[in-house]
Amino acid sequence: MDKFIVNIIHRPEMVPEYAEKVTGHGKAEDIGRKALLTESLDIFKTQQRLAHENGLKTTIQMTYASLFNEEAVELAKADHEKYGDEIALSLLGLPCKEFRDKYKTKDFCIWMFSMEDKKSIVDDIFAKFRDIFGFYPESTGSYYMDADLTNYIKGKYPSVKCAVATCWEEGPKAYHTCNNSWYTLFDGGPWAPWIPSKQNTHAPAANEEEDSGIVAIPHLSRDLIACYDGNGSNFGTHPQNVLRGMIYDSKTWEYPYMYNLIDQYRSLEKYNNGYAYNMMFVGPAWMNKMGRWEAPYELLEKSYSDGCAYYGKLKKEGKLVDMTMSEFADYYRKKKSYTEPECALWRDILYGSDKQLFWYCDPYMRTCVNMDQGGAIVDLRPYAAKLEWPVGIGTKHVQDASYPFLIQEKYRAGYFTHYAGEGTVRSAKLSYQGEEVDLCLCRTKAHFSQEGNTRILTLDPVDIEFYDLTVKLQTKIYFEEGSSRIKIERNILEMSNPKAKVELNEYMVACYGTTEYPEDMTGITLKCTGAEEKSITYEYRCREEQLAGADAVSAVIPAIETKVSMTASDKEAVGYIREGYAFSPMFTLGYTKTISDKEVFATWLNLEKAN
């Protein structure tokens with residue numbers, strides 16, 4: 001059995017985000033202010049000391065500003081020699097006098113620059129790094145690294161093998177809780193390490209040809225329920241995230257949630273062939289002497305000290321391996337294959353509910369199954385399209401780097417809508433004598449298993465009660481590695497009237513987008529194919545077609561180069577397609593079938609690139 005792996009990453013960010021205004025106390029902006037630089041370096045020293053006192057090595061991501069500070073450089077060299085810390089290079093921390101004098105901008109997000117500027121900045125920083133340390137770095141990173149940027153870095157600086165490359169679910173939810181002022185939009189990526197494709201950072205490579213040449217790690221390890229439902233910046237294994245979320249006892253300054261979150265990451269080895277990963281990536285601004293997030297400096301320091309102590313304790317007990325980023329990249333390459341998925345059966349550890357989500361990510365999709373909604377699929381990103389999505393000034397997406405969804409319950413309502421229309425979800429309905437029940441209303445629990453290359457979610461049976469009939473139904477969901485499809489099996493275990501017949505409607509309501517706001521659906525083509533073909537070209541006109549014995553029902557979405565289809569196990573099933581309307585700009589694919597006691601019916605959701 002492999003051990004739990006942790007990356008501890010620090011950066012001597014000489015001009016930390018937010019901090020200039022705090023230390024400046026209303027003075028005119030001066031990012032060269034001595035008090036700011038001194039405090040920032042002191043905090044970096046404290047972070048390094050706390051890690052080393054607990055027997056942990058770190059990755060020191062030197063920022064551009066820190067390369068102009070002799071003390072920061074000497075500290076990095078000394079800790080590399082003494083503790084084996086890796087000296088890496090961050091693309092965060094660009095703001096400093098030297099940078100602003102040259103580039104005449106206050107921009108600091110590397111992925112938002114024009115491609116020409118990205119190359120120039122990368123070449124500047126990498127050259128400066130080599131002048132100082134005598135070698136090129138093996139690791140780099142930012143909040144997000146777009147594919148064009150990654151491909152350029154790997155092509156010109158092949159020593160780079162690892163990068164911090166996205167923040168999990170750092171999209172509109174985080175934007176709104178930052179007073180609509182934090183323009184870092186990159187939902188839809190993996191929550192755990194992956195090998196990014198050359199086409200799109202968020203979409204894992206399916207083979208060597210697609211391999212960008214680096215191993216990517218997330219910016220933070222986050223709570224896969226609390227972060228998805230709310231602002232991710234409050235729920236992570238970064239200790240000060242927990243303080244920002246106010247998830248601690250204000251009297252005792254204790255935070256059991258932080259340890260529970262780390263432990264839940266440890267538990268993911270059960271779903272990933274014995275492998276589990278966690279990371280802690282902290283800049284100095286989080287431990288500002290003026291305090292942050294209504295917490296005094298003493299609590300900020302205590303939380304970080306306690307976090308390091310917990311990792312150190314696990315290491316002493318033989319339950320954890322601390323690695324530098326480049327060491328982890330080598331390990332990951334040996335441990336994981338391209339098609340091996342990342343799985344997480346995640347339970348609520350914050351709010352006291354019984355909520356359970358299952359997250360699945362491979363080179364063809366990222367998806368989420370919600371057991372509180374009967375095993376409905378509530379998030380689906382079609383990685384099979386490997387959508388090329390240039391980001392930055394001069395592109396169509398200056399800020400929005402998110403991978404588009406087909407289903408997203410937070411931005412497109414899911415099952416529960418307030419008035420009319422439908423939200424995006426993949427679920428099923430049962431009908432009997434004029435009554436209808438959606439499985440989204442049937443809470444259940446899931447159990448994970450693996451047979452060969454197939455991961456299986458077996459849901460506890462649910463009882464569906466009609467006026468004079470009770471149906472006991474069990475759902476199984478199969479994720480076959482490398483197949484780009486999800487099989488959903490419904491098994492009628494028991495009926496109070498064994499002779500009764502009910503109608504099962506397997507459906508998928510979908511659209512596409514990256515935010516809450518609707519996209520133009522014209523150009524989407526819906527089809528039923530079989531002995532004949534029926535199609536609808538989307539025009540917001542509420543049209544519907546059906547075909548008995550349909551081989552497939554499908555939608556082609558040219559805007560995201562994606563084809564999604566459903567297929568069924570029984571030729572007697574009736575396939576149907578449905579166009580939405582302006583107030584409910586969705587489309588629906590589905591199959592209906594009359595089923596009896598002890599019958600099993602399966603459907604597949606299939607994803608592919610639409611050329």
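The residues Lys102 and Glu98 are annotated as not salt-bridged, no charged nitrogen and carboxylate oxygen being separated by less than 4.0 angstrom. A salt bridge links Lys156 with Asp123: at least one charged nitrogen is closer than 4.0 Å to a carboxylate oxygen. Note on Glu170 versus Arg222: salt bridge recorded, some NZ/NE/NH1/NH2 to OD/OE distance being below 4.0 Å. Looking at Arg381 and Asp379, a side-chain N of the basic residue comes within less than 4.0 Å of a carboxylate O on the acidic one, giving a salt bridge. Salt-bridge annotation for Lys386 and Glu209: absent, with no side-chain N of the basic residue lying under 4.0 Å from a carboxylate O of the acidic one. Residues Glu169 and Arg366 are paired through a salt bridge, judged by an N-O separation under 4.0 Å between the basic side chain and the carboxylate. Under 4.0 Å is where a charged nitrogen must lie from a carboxylate oxygen, and between Asp306 and Lys302 at least one such pair does. Comment: Lys315 engages Asp322 in a salt bridge, judged by a side-chain N to carboxylate O separation of less than 4.0 angstrom. Here Lys289 does not pair with Glu39 in a salt bridge; the nearest charged N to carboxylate O distance is not below 4.0 Å.
Sorted pairs that involve residues 390-405 and meet salt bridge (charged side-chain N to carboxylate O under 4.0 Å, His left out), not counting sequence neighbours, are lacking altogether.
Take Phe328 and apply the ring-ring contact (aromatic ring centres under 6.0 Å, His included) test, not counting sequence neighbours, and it matches Tyr277, Tyr332.
Note that CG of Asn54 and OG of Ser305 are 6.5 Å apart. Values are rounded to the nearest 0.5 Å. The distance from the CG atom of Leu149 to the CG atom of Leu91 is 6.5 Å, given to the nearest 0.5 Å. Put simply, OG on Ser66 and CD on Glu13 are 9.0 Å apart, with the number rounded to the nearest 0.5 Å. For the atom pair CZ of Arg11 and CD1 of Ile60, the computed distance is 13.5 Å after rounding to the nearest 0.5 Å. How far CG of Leu67 is from NZ of Lys128: 7.0 Å, rounded to the nearest 0.5 Å. One distance of note links CG of Asn260 with CD1 of Ile247; it measures 11.0 Å at 0.5 Å rounding.
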In sequence, state the C-alpha distance, the side-chain angles, and the governing distance for Cys162 and Ile217, and then conclude on side-chain contact (heavy atoms from CB on, under 4.5 Å). CA-CA 8 Å; Cys162 194; Ile217 61 176; 4.2 Å; yes
Verdict with supporting geometry, Leu56 and Tyr83, side-chain contact (heavy atoms from CB on, under 4.5 Å): CA-CA 8 Å; Leu56 303 166; Tyr83 300 104; over 6 Å; no
Run the numbers on Asp362 and Tyr338 for side chain to side chain donor-acceptor pair (under 3.5 Å), then give the verdict. CA-CA 8 Å; Asp362 71 8; Tyr338 288 114; over 6 Å; no
Intermediate values then yes/no, side-chain contact (heavy atoms from CB on, under 4.5 Å), Asp79 and Thr58: CA-CA 9 Å; Asp79 285 354; Thr58 73; over 6 Å; no
Full working for salt bridge (Lys or Arg N to Asp or Glu O under 4.0 Å) between Asp211 and Arg333: CA-CA 11 Å; Asp211 191 332; Arg333 289 278 182 183; 2.5 Å; yes
For Gln48 and His10: C-alpha separation, side-chain torsions, deciding distance, then whether side chain to side chain donor-acceptor pair (under 3.5 Å) applies. CA-CA 8 Å; Gln48 286 287 96; His10 293 150; 2.7 Å; yes
Please step through side-chain contact (heavy atoms from CB on, under 4.5 Å) for the pair Val73 and Phe133, ending with a clear verdict. CA-CA 8 Å; Val73 169; Phe133 295 107; 4.0 Å; yes
If you apply the rule side chain to side chain donor-acceptor pair (under 3.5 Å), what do you find for Gln264 with Asp223, and how did you get there? CA-CA 9 Å; Gln264 183 148 206; Asp223 185 322; 5.7 Å; no
Apply side chain to side chain donor-acceptor pair (under 3.5 Å) to the pair Asp187 and Ser402, showing each step before the final yes or no. CA-CA 5 Å; Asp187 276 347; Ser402 297; 4.9 Å; no
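Between the side chain of Asn151 and the backbone N or O of Lys198 there is at least one donor-acceptor pair closer than 3.5 Å. Using modelled atom types, one side-chain atom of Thr177 and one backbone atom of Lys173 make a donor-acceptor pair closer than 3.5 Å. Panel note: side chain Glu210, backbone Ala206; a donor-acceptor pair is recorded below 3.5 Å. Lys104 places a side-chain N or O within donor-acceptor distance of the main-chain N or O of Asp101, the cut-off being under 3.5 Å. No donor-acceptor distance shorter than 3.5 angstrom exists from the side chain of Lys161 to the backbone of Asp330, with no hydrogens or angles considered. In this structure, the side chain of Asp146 does not engage the main chain of Pro390 through any donor-acceptor pair within 3.5 Å. Remark: the backbone N or O of Leu224 is paired with a side-chain donor or acceptor of Trp359 at under 3.5 angstrom.
The minimum heavy-atom distance linking Met279 with Ser221 is given by the pair N-OG, 3.0 Å. Counting all heavy atoms, side chain and backbone alike, Glu340 lies closest to Glu481 at N-OE2, 3.4 Å. What you find for Pro190 and Pro204 is that their closest heavy atoms are CG-CG, 4.4 Å. Taking each heavy atom of Tyr175 and Ser181 in turn, the nearest pair found is CE1-N, 3.8 Å. Closest non-hydrogen pair, Val282 versus Tyr304, comes out as CG2-CE1, 3.4 Å. Contact between Ala192 and Pro218 at its shortest, heavy atoms only, is C-CD, 4.0 Å.
Here the options are Tyr228, Tyr265, Phe448, the test is ring pair (Phe, Tyr, Trp, His ring centres under 6.0 Å), and the partner is Trp346; only Tyr265 passes. Partner Lys319 forms a side-chain contact (heavy atoms from CB on, under 4.5 Å) with one of Arg266, Lys313, Lys3 and no other, that one being Arg266. Each of Phe186, Trp191, Tyr144, Tyr383 was compared with His202 under the ring pair (Phe, Tyr, Trp, His ring centres under 6.0 Å) criterion, and only Tyr144 meets it.
A heavy-atom distance below 4.5 Å is found between the side chains of Leu92 and Phe281. Contact of the Thr324 side chain with the Asn7 side chain is not registered, since no non-hydrogen atoms from C-beta on lie closer than 4.5 Å.
Using cut-offs of 30° and 60° on the angle between ring planes, the pair Phe135 and Phe129 is perpendicular. Tyr143 and Trp182 have perpendicular rings, their planes meeting at more than 60° on a 0 to 90° scale where under 30° would count as parallel.
For Glu208, the CD atom sits in a loose shell: 12 or fewer heavy atoms of surrounding residues, nucleotides or ligands are nearer than 6.0 Å. A 6.0 Å sphere centred on CD of Glu254 holds more than 12 heavy atoms belonging to other residues, nucleotides or ligands. More than 12 heavy atoms of other residues, nucleotides or ligands lie within 6.0 Å of CD in Glu53, so this atom counts as buried by the packing criterion.
For Arg244 and Phe235, the positive end is not near the middle of the six-membered ring at less than 6.0 Å and at most 45° from its axis. By the 6.0 Å and 45° rule, Lys97 does not stack over the aromatic ring of Phe68. Judged by a 6.0 Å distance limit and a 45° cone about the ring axis, Arg455 is not positioned over the six-membered ring of Phe479.
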